[in-house]
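Comments concern the structure below.
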Amino acid sequence: MNKQMQSTESKLPEPDIQMLKVNGLDMKVTSMGNGPLVVLCHGFPELAISWRSQIAALAAAGYRAVAPDMRGYGGTTAPSEVSAYSMLHLVGDMVELVSALGEKQAVIIGHDWGAPVAWNCALLRPDLFKAVVGMSVPFVPIGSSDILSYLRYAGIDNFYLQYFQTPGVAEAELERDVATSIRKIHFSASGDGPKAVTFGMLQSGKGILDNTVEPETLPAWLSDQDIEQYALEFSRTGFRGGLNWYRNISRSWELMIPWRGQVIHQPSLFIAGECDDVLRFPNTQANIDNFSVTLPNIRGCHIIPEAGHWIQRERATVVNKLLIEFLYSLHDVS
């Protein structure tokens with residue numbers, strides 16, 4: 001099945017790769033197609049290549065599909081200061097990327113950590129981001145406390161968000177063998193991975209990789225070539241840039257307080273895998289149940305059977321169809 005997948009991927013047209021000056025960063029940007037702009041934001045630990053199938057499908061459907069390596073990842077600058085990874089920095093990057101591309105508006109799509117970026121781009125700049133899609137992570141309105149405070153209040157001290165807080169700890173674990181870390185995380189958090197434990201709840205005194213397993217064989221959506229590409233970049237950059245996003249959770253909540261109570265009025269869409277552990281995280285289901293209030297113009301909430309966390313790769317064909325139907329519903333393309 002891997003050979004079939006590699007053969008299919010090899011038939012995709014090659015996207016354009018360019019380096020742009022964006023918000024004080026050198027940003028590596030992957031793009032394809034012409035038409036209305038669609039920006040795709042990846043999560044952790046991923047890169048712009050996570051959107052390879054969507055870039056090709058959206059371009060073929062009449063859109064200009066653009067996926068950056070996000071701040072701290074891959075070919076994009078990774079500032080050394082932890083404080084340089086707040087949500088306002090991340091939203092600012094996408095605002096400036098649209099400008100650098102010479103565009104006035106965009107639809108923004110995000111997965112995993114890219115989903116909060118996409119949601120908050122729509123929340124903070126409705127003039128610029130005319131529609132939004134979140135995958136895996138639902139829209140979470142600005143609450144009365146941040147999730148780290150909530151976890152402490154609930155007596156939880158072994159959630160992966162907490163493990164990622166101390167600089168150097170997760171880096172040491174993940175960088176010991178980068179290819180193994182990528183392979184185990186991507187497989188274990190997928191719909192093909194083990195179902196026995198909640199991925200985000202760590203064992204006492206253990207690291208995140210202790211919640212993962214080695215796949216006996218790779219699923220069709222995850223090839224040896226994919227792992228090699230990810231491992232090559234993360235071996236060069238390390239994981240600190242991506243981990244610093246987690247280290248700004250409390251700071252980002254404080255900075256976002258002025259938008260408490262605001263909802264997203266633009267057309268929106270949510271997609272997740274039925275087996276995605278994020279759906280079992282604290283308050284996730286409550287936030288999904290509240291979409292009619294927080295996302296009053298939501299046009300679909302799709303939970304894909306048997307799929308896991310890496311939904312745009314695990315179920316590329318289904319996700320591409322949902323995205324194109326959503327985009328066409330905006331009347332950008334006849």
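Counting begins at 1 with the first residue of the sequence. Everything numeric in this text was worked out from a predicted model, so none of it was measured.
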List the steps and the verdict of ring pair (Phe, Tyr, Trp, His ring centres under 6.0 Å) for F164 and F44.
-> CA-CA 12 Å; F164 283 172; F44 178 88; 5.7 Å; yes
Check the pair V107, L37 against side chain to side chain contact (heavy atoms under 4.5 Å, CB included), reporting the backbone distance first and the verdict last.
-> CA-CA 6 Å; V107 174; L37 177 63; over 6 Å; no
When you measure from the side chain of [X] to the backbone of [Y], do you find a donor-acceptor pair of N or O atoms at a distance under 3.5 Å?
| X | Y | value |
| --- | --- | --- |
| R125 | N120 | no |
| N290 | V293 | no |
| R251 | S83 | yes |
| R236 | A231 | no |
| W119 | V137 | yes |
| Q165 | L161 | yes |
| Q285 | L279 | no |
| T77 | D26 | yes |
| E46 | H42 | no |
| D112 | G114 | no |

Gap between atom [atom2] of [Y] and atom [atom1] of [X] - 0.5 Å precision:
| X | Y | atom1 | atom2 | value |
| --- | --- | --- | --- | --- |
| L123 | Q266 | CG | CD | 8.5 Å |
| E254 | S86 | CD | OG | 11.0 Å |
| L124 | L88 | CG | CG | 6.5 Å |
| E175 | E173 | CD | CD | 11.0 Å |
| T294 | H265 | OG1 | NE2 | 10.5 Å |
| D69 | E233 | CG | CD | 6.5 Å |

Begin from the C-alpha positions of D93 and M70 and carry the test side chain to side chain contact (heavy atoms under 4.5 Å, CB included) through to its verdict.
-> CA-CA 8 Å; D93 291 345; M70 302 293 281; over 6 Å; no
Compute whether any side-chain donor of one residue and acceptor of the other, for [X] and [Y], lie under 3.5 angstrom apart.
| X | Y | answer |
| --- | --- | --- |
| S188 | N211 | no |
| T317 | N320 | no |
| N158 | Q203 | no |
| S136 | D276 | yes |
| R299 | S329 | yes |
| S223 | D226 | yes |

Minimum side-chain heavy-atom gap [X]-[Y] below 4.5 Å:
| X | Y | result |
| --- | --- | --- |
| I108 | V133 | no |
| Q162 | I156 | yes |
| S31 | P15 | no |
| L323 | E325 | no |
| I271 | V319 | yes |
| T30 | P68 | no |
| I147 | I249 | yes |
| F187 | T212 | no |

Does R247 come within less than 4.0 Å of E171, counting only side-chain N to carboxylate O?
->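 Here R247 pairs with E171 in a salt bridge, since their nearest N and O are under 4.0 Å apart.
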Linking I/L/V/M/F/W/Y whenever their side-chain heavy atoms sit closer than 4.5 Å, directly or via other members, would [X] and [Y] fall into one cluster?
| X | Y | value |
| --- | --- | --- |
| Y63 | L330 | yes |
| L90 | I257 | yes |
| V140 | L148 | no |
| V82 | L255 | no |
| L97 | I49 | yes |

Taking atom [atom1] of [X] as the centre, does the number of heavy atoms from other residues, nucleotides or ligands within less than 6.0 Å exceed 12?
| X | atom1 | value |
| --- | --- | --- |
| Q18 | CD | yes |
| N34 | CG | no |
| Q262 | CD | yes |

Give the minimum heavy-atom separation between [X] and [Y], together with the two atoms involved.
| X | Y | result |
| --- | --- | --- |
| P45 | F239 | CB-CE2, 3.9 Å |
| C275 | G191 | CB-CA, 4.2 Å |
| M32 | E14 | CE-C, 3.8 Å |
| W253 | S144 | CZ2-O, 3.3 Å |
| I55 | A67 | CD1-CB, 3.8 Å |
| P282 | Y150 | CB-CE2, 3.6 Å |

Derivation of the side chain to side chain contact (heavy atoms under 4.5 Å, CB included) call for V117 and W245 | CA-CA 11 Å; V117 175; W245 291 39; 3.7 Å; yes
Kindly state whether the ring of [X] and the ring of [Y] have centres lying under 6.0 angstrom apart.
| X | Y | answer |
| --- | --- | --- |
| F270 | F139 | no |
| H111 | H309 | yes |
| Y73 | Y230 | no |
| Y246 | Y163 | no |

Stepwise, does the side chain to side chain contact (heavy atoms under 4.5 Å, CB included) test hold for C121 with V132?
-> CA-CA 8 Å; C121 281; V132 56; over 6 Å; no
For the pair R183 and E214, evaluate salt bridge (Lys or Arg N to Asp or Glu O under 4.0 Å) and give the outcome as yes or no after the intermediate values.
-> CA-CA 7 Å; R183 183 172 57 253; E214 275 282 7; 2.8 Å; yes
Positive for side chain to side chain contact (heavy atoms under 4.5 Å, CB included) with E96, one of N23, L20, L101 |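 Among N23, L20, L101, the one meeting side chain to side chain contact (heavy atoms under 4.5 Å, CB included) with E96 is N23.
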Test side-chain hydrogen bond (donor to acceptor under 3.5 Å, both in side chains) applied to T284 and N287, step by step = CA-CA 5 Å; T284 294; N287 283 309; 5.8 Å; no
For the residue pair W310 and H186, does the interplanar ring angle fall in the parallel (under 30°), tilted (30 to 60°) or perpendicular (over 60°) class?
->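 The arrangement is parallel - the two ring planes meet at less than 30°.
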